[in-house]
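All values below come from the heavy atoms of this structure, side chains included, with hydrogens, waters and symmetry mates left out. Note that this is a predicted model, so its numbers are computed, not measured.
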Amino acid sequence: MTSFQLVRRSVIYFWRTNLAVLLGVAAAVSVLGGALLVGDSVRGSLRDLALGRLGQTDVAVTSAGFFRDTAATELAQSAGGSAAPLIISSGFVTHEASGRRAGNVTIYGVDERFWSFHGVDPPQDPVVSEALAAELRAASGDVLLVRLQRPSEIPIESLFARKDEIGRTVRLVLGAALPRDRLGEFSLKPQQGELR
């Protein structure tokens, strides 16, 4: 008996086992191929989401304290590009008419330089993201109460921190909810969820 005949007889005799192995390998290859395809798709969509939220930002210089206002101009001149200063804080926002609240909201303090840096027409009034407007059910012209923590050298959690006036409430009239293409979802932190 030759080896070819032995293989042929083995395939015919164990045809059920060989068919099960063949189907198992085909299923495993299709699952692995699908997982690689889905993984690349998710990676690409997350990358596009993160880059879209950055706008024109390439580099961010951050600090726990405040910079001089002229630091942005000096940085732009030394790098040969442009720069825009902004203040980032977090706080609570309350819709005055309905009393709806949103916590852990990222609040940006910007001026015209920020909008021109990103090539977007500056809004005239305070604006919010579409996600925050939907959560508060706020529309243009509604009054929002923004509660911010006062900056302090001593963390509020410390035993020696002053706890009598830890925050300040600012009353703002909402101008509009910005869509994504007008930096309504601007963020320096990579995150997958909706931005408020």
Side-chain angles (χ1 to χ4, degrees), residues 37-64 66-67 69-73 75-76 79-151 167-196:
L37 184 65
V38 169
D40 284 345
S41 173
V42 168
R43 183 181 302 121
S45 62
L46 288 177
R47 182 179 183 279
D48 292 344
L49 180 68
L51 290 178
R53 288 180 173 175
L54 286 173
Q56 300 296 321
T57 307
D58 286 333
V59 177
V61 179
T62 63
S63 171
F66 294 110
F67 287 108
D69 187 42
T70 58
T73 308
L75 184 65
S82 60
L86 64 127
I87 299 172
I88 304 173
S89 182
S90 65
F92 295 92
V93 178
T94 305
H95 186 255
E96 188 179 53
S98 67
R100 287 187 190 87
R101 301 181 88 192
N104 199 20
V105 175
T106 304
I107 301 163
Y108 295 103
V110 300
D111 59 10
E112 291 80 21
R113 293 176 286 182
F114 174 81
W115 301 103
S116 63
F117 175 80
H118 291 285
V120 176
D121 293 331
Q124 300 302 318
D125 297 314
V127 293
V128 297
S129 67
E130 290 179 332
L132 181 59
E135 183 174 339
L136 296 175
R137 295 184 192 145
S140 180
D142 288 354
V143 176
L144 300 179
L145 303 173
V146 180
R147 179 87 175 155
L148 297 166
Q149 182 177 338
R150 288 184 188 266
R168 179 179 183 150
T169 302
V170 180
R171 188 172 191 265
L172 303 170
V173 177
L174 177 61
L178 285 184
R180 180 182 212 172
D181 60 338
R182 293 200 57 222
L183 296 177
E185 291 189 3
F186 175 81
S187 177
L188 295 177
K189 294 186 286 187
Q191 66 184 50
Q192 191 174 353
E194 291 184 327
L195 293 175
R196 301 175 309 140

If you take all heavy atoms of [X] and [Y], which pair is closest and at what distance?
{"X": "Ser129", "Y": "Ala177", "result": "O-CB, 4.3 Å"}
{"X": "Ala102", "Y": "Leu132", "result": "CB-CD1, 3.6 Å"}
{"X": "Leu174", "Y": "Ala138", "result": "CD2-CB, 3.9 Å"}
{"X": "Ala72", "Y": "Ala83", "result": "O-CB, 3.5 Å"}

Between [X] and [Y], is any pair of side-chain heavy atoms under 4.5 Å apart?
{"X": "Leu86", "Y": "Arg113", "value": "no"}
{"X": "Leu144", "Y": "Thr94", "value": "no"}
{"X": "Thr106", "Y": "Leu195", "value": "no"}
{"X": "Thr57", "Y": "His118", "value": "yes"}
{"X": "Arg180", "Y": "Leu49", "value": "yes"}
{"X": "Pro85", "Y": "Phe117", "value": "no"}

With a 6.0 Å cut-off (strictly less than), is the heavy-atom count around [atom1] of [X], excluding the residue itself, greater than 12?
{"X": "Asp40", "atom1": "CG", "answer": "yes"}
{"X": "Glu194", "atom1": "CD", "answer": "no"}
{"X": "Arg168", "atom1": "CZ", "answer": "no"}

Next item on the list: Please confirm whether the backbone N or O of Ser41 pairs with a side-chain atom of Ser45, one donor and one acceptor, at under 3.5 Å?
Entry: yes
Check: Is the backbone N or O of Val105 less than 3.5 Å from a side-chain atom of Ser90, with the two atoms forming a donor-acceptor pair by type?
Finding: no
Report the distance from atom [atom1] of [X] to atom [atom2] of [Y], rounding to the nearest 0.5 Å.
{"X": "Arg100", "Y": "Leu136", "atom1": "CZ", "atom2": "CG", "value": "8.0 Å"}
{"X": "Arg196", "Y": "Ile107", "atom1": "CZ", "atom2": "CD1", "value": "10.5 Å"}
{"X": "Asp69", "Y": "Asp111", "atom1": "CG", "atom2": "CG", "value": "7.0 Å"}
{"X": "Leu178", "Y": "Leu183", "atom1": "CG", "atom2": "CG", "value": "7.5 Å"}
{"X": "Arg182", "Y": "Glu130", "atom1": "CZ", "atom2": "CD", "value": "11.0 Å"}
{"X": "Ser187", "Y": "Ile88", "atom1": "OG", "atom2": "CD1", "value": "8.0 Å"}

Checklist line | salt bridge (charged side-chain N to carboxylate O under 4.0 Å, His left out) partners of residues 136-148, not counting sequence neighbours, each pair once | finding: none
Check: What about the rings of Phe114 and Tyr108, do their centers lie closer together than 6.0 Å?
Finding: no
Next item on the list: Evaluate the criterion side chain to side chain contact (heavy atoms under 4.5 Å, CB included) for residue pair Leu188 and Leu54; output intermediate values, then yes/no.
Entry: CA-CA 6 Å; Leu188 295 177; Leu54 286 173; 3.9 Å; yes
